[in-house]
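The next block holds one structure in the form of structure tokens; read it before the comments.
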2 protein chains.
Amino acid sequence: MTRTHLPTTVALRVVVSLAQHGTVSSAAQALHLTQSAVSKQLKSIEELAGMCLFTRTSRGLAPTEAGVIYIEQARLALGALETAAVRLAGLRSSQPTIRLHVLPILGDRWFMPRFSRFAELHPRIDIQFTTFAPSDTLEEADAVFRFGDGTWPGWDANYVLGRDVVLASSPHLIARNGGLNAADDVRNFPVLDHLQTPLRWSDFGAACGFSDFRPPRVIRFGYYALVIRAAISGQGLALVPRSLILDELASGQLVNPLGLGFSSKNGYWLTTPASRPLHADLAILRDWILSEARQSEGRV
Amino acid sequence: MTRTHLPTTVALRVVVSLAQHGTVSSAAQALHLTQSAVSKQLKSIEELAGMCLFTRTSRGLAPTEAGVIYIEQARLALGALETAAVRLAGLRSSQPTIRLHVLPILGDRWFMPRFSRFAELHPRIDIQFTTFAPSDTLEEADAVFRFGDGTWPGWDANYVLGRDVVLASSPHLIARNGGLNAADDVRNFPVLDHLQTPLRWSDFGAACGFSDFRPPRVIRFGYYALVIRAAISGQGLALVPRSLILDELASGQLVNPLGLGFSSKNGYWLTTPASRPLHADLAILRDWILSEARQSEGRV
DNA sequence: TGCGGCTATTCCATTTCGGACTACCTTCGA
DNA sequence: TCGAAGGTAGTCCGAAATGGAATAGCCGCA
């Protein structure tokens, strides 16, 4: 008889974060835990599941068939919990809470690190975050980060950042591959692609005037964090919104020697339901976000 | 800024169990916890939610508006975790696991208490239970308990128990209400009804030959466990499958002085997908369940 | 008014959990 | 070929959470 032991909620977050980040260490960082803690959580949930959820590769972890199933359900479970929290926040009429839906990569790499400053500036404003909430509950949110070209019927959209897409590579990869001295050299490099935003490389090729751009190898990933990680470890060239890799560019982990890149039609936007009037606190938050974004992208 | 603290999974089970059972004590019993533990879990999750999820009445707990929302999402979350477990069990081809979906009231009051005996008899047979799994995943189960008349297209159904429906009352209620000396006296009592099986009382009226049966008061509940609990506390007469209240009838907490009742069209069935051949272990389980059920209903 | 049934709280033993540290493996470049 | 880098797993330990027993207290009711 199977003991009806349930996983912990942090184990669920661990599993999801592992899938997104591909290594125990970076998942841990995203969760504000140590590598040790995450490793143990992973072990315990795999024991509970009775099978491996991730295969250990030399570069990190990749979900197994079972892992894919588990991750999917873990997201659903976390989404339900977020939905509950959001709806309760909606009931609390006395102290209005801003319900903000964030996207994984944008939240991890740009928004959350900066948000603590906002929280200090405006300790009175209460914000409820969601990231796993199912898409049919998004209209309950007061503001939603989205990726696209800015047209979402029924929503007012403010451009945040992300249209400034740059080529990024590990310096070692460039050295190993005979250098990157002209745009045309890009053709000799393997490239990293993101399954959900697949047009990046053809857009880039067009911007560079390549008539026919066929990289020697394309490696695809399901999460942008994996693309960035793979770029850092020298697996190929990546195209990434500059604002998401400011730290890596500054530290030299990633470089863009020729300053290649292009201006994308798509970027990250902050959207608010057009039907609802904008609450004063929400306007403050929005303006702060837009101002931070201008700073990150160097638009004065 | 709202701390993104997630509730524990046991807190989720507590909330759901509280809704089903209506008191901390009986929820605790169903969860194999103490009243103290459940009370504390409730407190902690209410603090996390920032509002009361249950109103404390003199007889127990009733969900608030916020509670209803939370309970719904908690079920979804638990359902997702069950789905994950079930699907993983399906992958483990080496050691086949029987995936069995149980109904709350039947599981709590009849199946689970007896199941430990089966587990002793057949320690080799591994069973994975689900109770919250969403209905569109039921076809993944190997066997599903259902309530109805035995016709489910695509499923083979074996009658288990529950068609023997009896009148049940607290002895105090009968004493307080001038006795129950003839079937017709039933008309003087308030009755307890179950929202999901609403025809019980009209069926009963018909079986007793009442031309027009209008109880002075009808109290409705969303869970059968609440009906039984209300009956025990003397809030009204209940119609309950006899096998679900064997203990209470034996102890005198519930009585049926005139032996009233009727044979219902609907009962609990064990169903198996008609498309899949019956695994040997599953046949063992089914036969054991049917034999236990015959014993409970006194059908030799 | 006292009893039964219920919840909340306190105290305490136990367990769990997370962080620091260590061990160890693999890849990669000089 | 070796050392550095980056990764995971395991051990040890202090802190925190948790659950059970016992207790206090509340409410409805005979």
Side-chain angles (χ1 to χ4, degrees), chain A residues 5-14 17-18 21-29 31-48 52-62 170-177 226 229-235 248 251-253, chain B residues 5-11 13-14 17-18 21-29 31-48 52-62 170-177 226 228-235 248 251-253:
Chain A
H5 266 172
L6 291 168
T8 318
T9 34
V10 324
L12 300 181
R13 295 181 60 194
V14 162
S17 189
L18 281 172
H21 293 93
T23 74
V24 173
S25 326
S26 43
Q29 196 181 349
L31 294 170
H32 303 288
L33 290 173
T34 61
Q35 175 264 332
S36 165
V38 170
S39 178
K40 277 180 286 192
Q41 287 285 352
L42 173 58
K43 182 185 174 189
S44 76
I45 203 169
E46 285 187 324
E47 276 171 6
L48 193 128
C52 275
L53 301 181
F54 293 85
T55 59
R56 275 66 169 174
T57 76
S58 60
R59 288 191 192 275
L61 309 182
S170 154
H172 301 98
L173 174 69
I174 294 180
R176 213 187 322 143
N177 247 34
L226 299 180
R229 171 147 292 275
I232 292 174
S233 75
Q235 292 183 60
E248 286 78 5
S251 73
Q253 286 186 284
Chain B
H5 266 170
L6 290 169
T8 319
T9 35
V10 324
R13 295 182 58 193
V14 162
S17 190
L18 281 173
H21 293 93
T23 74
V24 172
S25 326
S26 44
Q29 198 181 346
L31 293 169
H32 304 288
L33 289 174
T34 61
Q35 175 264 331
S36 163
V38 170
S39 178
K40 276 181 287 191
Q41 289 284 353
L42 173 58
K43 183 185 173 189
S44 76
I45 202 169
E46 284 186 325
E47 276 171 4
L48 193 128
C52 274
L53 301 181
F54 293 85
T55 60
R56 276 64 168 175
T57 75
S58 59
R59 288 190 192 276
L61 308 183
S170 154
H172 301 98
L173 174 69
I174 295 180
R176 213 189 320 145
N177 246 34
L226 299 179
I228 295 173
R229 171 146 294 273
I232 293 174
S233 75
Q235 292 183 60
E248 286 78 5
S251 72
Q253 286 185 284

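Lettering follows sequence order; numbering is per chain, from 1.
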Examine D/dA9: is either OP1 or OP2 under 4.0 Å from a nitrogen or oxygen in the side chain of A/Ser39? Give yes or no. yes
Looking only at side-chain N and O atoms, does A/Arg56 come under 4.0 Å of OP1 or OP2 in C/dC25? no
Provide, to the nearest angstrom, the distance between the [atom1] atom belonging to [X] and the [atom2] atom belonging to [N].
{"X": "B/Leu48", "N": "D/dA17", "atom1": "CG", "atom2": "P", "value": "12 Å"}
{"X": "B/Gln41", "N": "C/dT7", "atom1": "CD", "atom2": "C1'", "value": "16 Å"}
{"X": "B/Gln235", "N": "C/dG5", "atom1": "CD", "atom2": "P", "value": "14 Å"}
{"X": "A/Leu173", "N": "C/dG29", "atom1": "CG", "atom2": "C1'", "value": "14 Å"}
{"X": "B/Ile232", "N": "C/dG4", "atom1": "CD1", "atom2": "C1'", "value": "14 Å"}
{"X": "A/Glu46", "N": "D/dA9", "atom1": "CD", "atom2": "C1'", "value": "12 Å"}
{"X": "B/Leu42", "N": "C/dT9", "atom1": "CG", "atom2": "C1'", "value": "14 Å"}
{"X": "B/Leu33", "N": "D/dA17", "atom1": "CG", "atom2": "P", "value": "18 Å"}

Under 3.5 Å, is there a donor-acceptor pair between the side chain of [X] and the main chain of [Y]?
{"X": "B/Gln35", "Y": "B/Val24", "answer": "no"}
{"X": "A/Glu46", "Y": "A/Phe54", "answer": "yes"}
{"X": "B/Thr55", "Y": "B/Ala62", "answer": "yes"}
{"X": "B/Thr57", "Y": "B/Arg59", "answer": "yes"}

What distance do [X] atom [atom1] and [Y] atom [atom2] have between them, rounded to the nearest 0.5 Å?
{"X": "B/Leu6", "Y": "A/Leu12", "atom1": "CG", "atom2": "CG", "result": "8.5 Å"}
{"X": "A/Arg56", "Y": "A/Leu42", "atom1": "CZ", "atom2": "CG", "result": "4.5 Å"}
{"X": "A/His21", "Y": "A/Leu226", "atom1": "NE2", "atom2": "CG", "result": "8.0 Å"}
{"X": "B/Glu47", "Y": "B/Cys52", "atom1": "CD", "atom2": "SG", "result": "10.5 Å"}

Considering only side-chain heavy atoms of A/Thr8, which listed nucleotide, D/dA9, C/dC17, D/dT18, is closest?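 Shortest atom-to-atom distance from the side chain points to C/dC17.
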Could you write out each protein N or O paired with an N or O of nucleotides 21-29 of chain D at a distance under 3.5 Å?
{"from": "D/dA21", "atom 1": "N6", "to": "B/Ser36", "atom 2": "OG", "distance (Å)": "2.7"}

Angle separating the five-pair end axes of the helix from C/dT1-D/dA30 to C/dA30-D/dT1, nearest 10°, is 10°
Can you find a pair of side-chain heavy atoms, one from A/Ile45 and one from A/Val14, that are under 4.5 Å apart? no
